[in-house]
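Here's the structure, in structure tokens; my notes come after.
Below, chains carry the letters A, B, ... as their sequence lines are ordered, and counting in each starts from 1.
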2 protein chains.
Amino acid sequence: MGKQMTEMLKGTLEGIVLALLGLGPAYGYEITARLRDQGFADIAEGTVYALLVRIEQRGLVDVEKVPSEKGPPRKVFTLNAQGREALDEFWSSWGFLADRLAHLKAEGE
Amino acid sequence: MGKQMTEMLKGTLEGIVLALLGLGPAYGYEITARLRDQGFADIAEGTVYALLVRIEQRGLVDVEKVPSEKGPPRKVFTLNAQGREALDEFWSSWGFLADRLAHLKAEGE
DNA sequence: CTCACTACTCAGTGTTACTATCTAGTGGTA
DNA sequence: TACCACTAGATAGTAACACTGAGTAGTGAG
């Protein structure tokens, strides 16, 4: 992936994962796969797991261990009230940034 | 500024500054002021100058020292061909990200 | 002659995504 | 058996970036 995208994902990737969890509970491997489907083809698994550890430690998600038929047990993450609040804040910040950049782009054309 | 916005600006702030320079040459203090006008009220001066040093070292801008009537000489930055290319790449990356997030936001509503 | 404004610089810090590697369970196949 | 592919998660070390907080320096107003 481009270095540019790597830097741009900082802060944003967390919001993306929170948004995915906002659609329903999910586990790490699944989230990684969904990100790939969404076009984020080069996001490393390790990156996602590290991010999930962070949002768990900040209390934004509830965690449940669920056995899997195909491999080790899954850690299923569910967005809780605090997580929803964080997601709202993310959309608010993102909205501001996207709005500013849309203006800038329009000015440059 | 929120920690969230701080992280989200990583990578994006550089694009914003390149976009501002795309509108015409400018010097550091001026760029800082424009950012404040644009709503980025809490971006530290030191942050902008450090960023300008980086894009200068990467050869994205041409630099000229111009005397000022009001204070020390100004370092005026002008976007060159390489800089324009970097700006295009930025808009491309940003476009991808903004598109993905728009989809995600629509799904969550 | 102090203050405010202009203009730039720099060392140190925290956060984040990436790389690379490791552990482990299940099922297929040579 | 031995090996591989897929599933599932963890972690140490690194690079990049924005922030904090401080500093240097020139000009003009009070």
Side-chain angles (χ1 to χ4, degrees), chain A residues 1-18 25-36 40-58 60-61 63-77 86 90 93 97, chain B residues 1-18 25-36 40-58 60-61 63-77 86 90 93 97:
Chain A
M1 191 157 30
K3 204 180 59 180
Q4 201 161 48
M5 184 59 83
T6 291
E7 289 307 320
M8 248 189 278
L9 279 176
K10 290 188 179 174
T12 310
L13 183 57
E14 179 179 305
I16 293 171
V17 169
L18 289 177
Y27 55 96
Y29 192 79
E30 186 187 6
I31 291 170
T32 304
R34 281 204 215 160
L35 285 171
R36 293 197 202 288
F40 299 102
D42 300 314
I43 291 180
E45 277 190 80
T47 298
V48 176
Y49 287 114
L51 195 160
L52 289 169
V53 166
R54 283 203 300 275
I55 66 176
E56 180 185 352
Q57 281 174 349
R58 277 196 278 147
L60 308 183
V61 286
V63 184
E64 198 188 351
K65 275 240 163 161
V66 176
S68 164
E69 321 88 43
K70 297 198 149 199
R74 298 165 173 166
K75 272 181 81 173
V76 174
F77 297 86
F90 167 73
S93 298
L97 202 55
Chain B
M1 192 155 32
K3 203 180 60 182
Q4 201 161 48
M5 183 59 82
T6 292
E7 290 307 320
M8 248 189 279
L9 279 176
K10 289 188 180 175
T12 309
L13 184 57
E14 180 180 304
I16 293 171
V17 169
L18 288 177
Y27 53 96
Y29 192 80
E30 186 187 4
I31 291 170
T32 305
R34 280 205 214 158
L35 286 171
R36 293 198 202 287
F40 299 101
D42 300 314
I43 291 181
E45 275 191 84
T47 298
V48 176
Y49 286 114
L51 194 161
L52 289 170
V53 167
R54 282 202 302 274
I55 66 175
E56 180 185 353
Q57 281 174 349
R58 276 195 279 147
L60 308 183
V61 286
V63 184
E64 199 190 350
K65 275 239 163 160
V66 176
S68 163
E69 319 89 43
K70 297 199 148 199
R74 297 165 174 166
K75 273 181 81 174
V76 175
F77 297 86
F90 167 73
S93 298
L97 202 55

[atom1] of [X] versus [atom2] of [N]: gap in Å, rounded?
| X | N | atom1 | atom2 | result |
| --- | --- | --- | --- | --- |
| Leu9(A) | dT19(C) | CG | P | 12 Å |
| Met8(A) | dA17(C) | CE | P | 14 Å |
| Leu13(A) | dA16(D) | CG | P | 19 Å |
| Gln4(B) | dG14(C) | CD | P | 21 Å |
| Lys70(A) | dG9(D) | NZ | P | 15 Å |
| Ile31(A) | dG9(D) | CD1 | C1' | 12 Å |
| Gln57(A) | dA10(D) | CD | C1' | 13 Å |
| Glu14(A) | dA17(C) | CD | C1' | 12 Å |

Consider the side chain of [X], meaning its heavy atoms from C-beta on, and name the nucleotide among [options] that approaches it most closely.
| X | options | result |
| --- | --- | --- |
| Tyr29(A) | dA18(D), dT7(D), dT6(C) | dT7(D) |
| Lys75(B) | dC19(D), dC8(C), dA24(C) | dC8(C) |
| Thr47(B) | dC6(D), dT6(C), dC19(D) | dC19(D) |
| Pro72(B) | dA17(C), dT6(C), dC17(D) | dT6(C) |
| Arg74(A) | dT16(C), dA16(D), dG9(D) | dG9(D) |
| Arg54(A) | dA17(C), dT11(D), dC19(D) | dA17(C) |
| Ala44(A) | dT7(D), dT19(C), dT16(C) | dT19(C) |
| Glu45(A) | dC18(C), dC8(C), dG9(D) | dG9(D) |

Between Glu7(A) and Tyr49(A), who's closer to the 5' end of DNA chain D by nearest nucleotide?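 Counting from the 5' end, the first nearest nucleotide belongs to Tyr49(A).
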Ranking Tyr27(A) and Gly46(A) by the position along DNA chain D of their nearest nucleotide, the one closer to 5' is Tyr27(A)
Going by heavy atoms in the side chains, are [X] and [Y] under 4.5 Å from each other?
| X | Y | value |
| --- | --- | --- |
| Tyr27(A) | Val66(A) | no |
| Ile31(B) | Leu51(B) | no |
| Glu56(B) | Lys75(B) | yes |
| Phe40(A) | Leu97(B) | yes |

Give one of base, sugar-phosphate or nothing for [X], where a contact means two heavy atoms less than 4.0 Å apart.
| X | result |
| --- | --- |
| Glu30(A) | nothing |
| Leu52(B) | nothing |
| Thr32(B) | nothing |

Does Ser68(B) put a side-chain nitrogen or oxygen below 4.0 Å from OP1 or OP2 of dT6(C)? no
Find which nucleotide of DNA chain C each of Arg58(A) and Gly71(A) is nearest to by heavy atoms, and output the residue with the more 5' nucleotide. Arg58(A)
Does Glu69(A) or Leu51(A) map to a spot on DNA chain C nearer the 5' end, using the closest nucleotide for each? Leu51(A)
Might you work through the salt bridge (Lys or Arg N to Asp or Glu O under 4.0 Å) test for Arg34(A) and Glu30(A), ending with a clear yes or no? CA-CA 6 Å; Arg34(A) 281 204 215 160; Glu30(A) 186 187 6; 3.1 Å; yes
Tell me if the side-chain of Lys10(B) makes a donor-acceptor pair with the base of dT15(C), cut-off 3.5 Å, by modelled atom types. yes
Backbone N/O of Tyr29(B) and side chain of Tyr49(B): donor-acceptor pair under 3.5 Å: yes
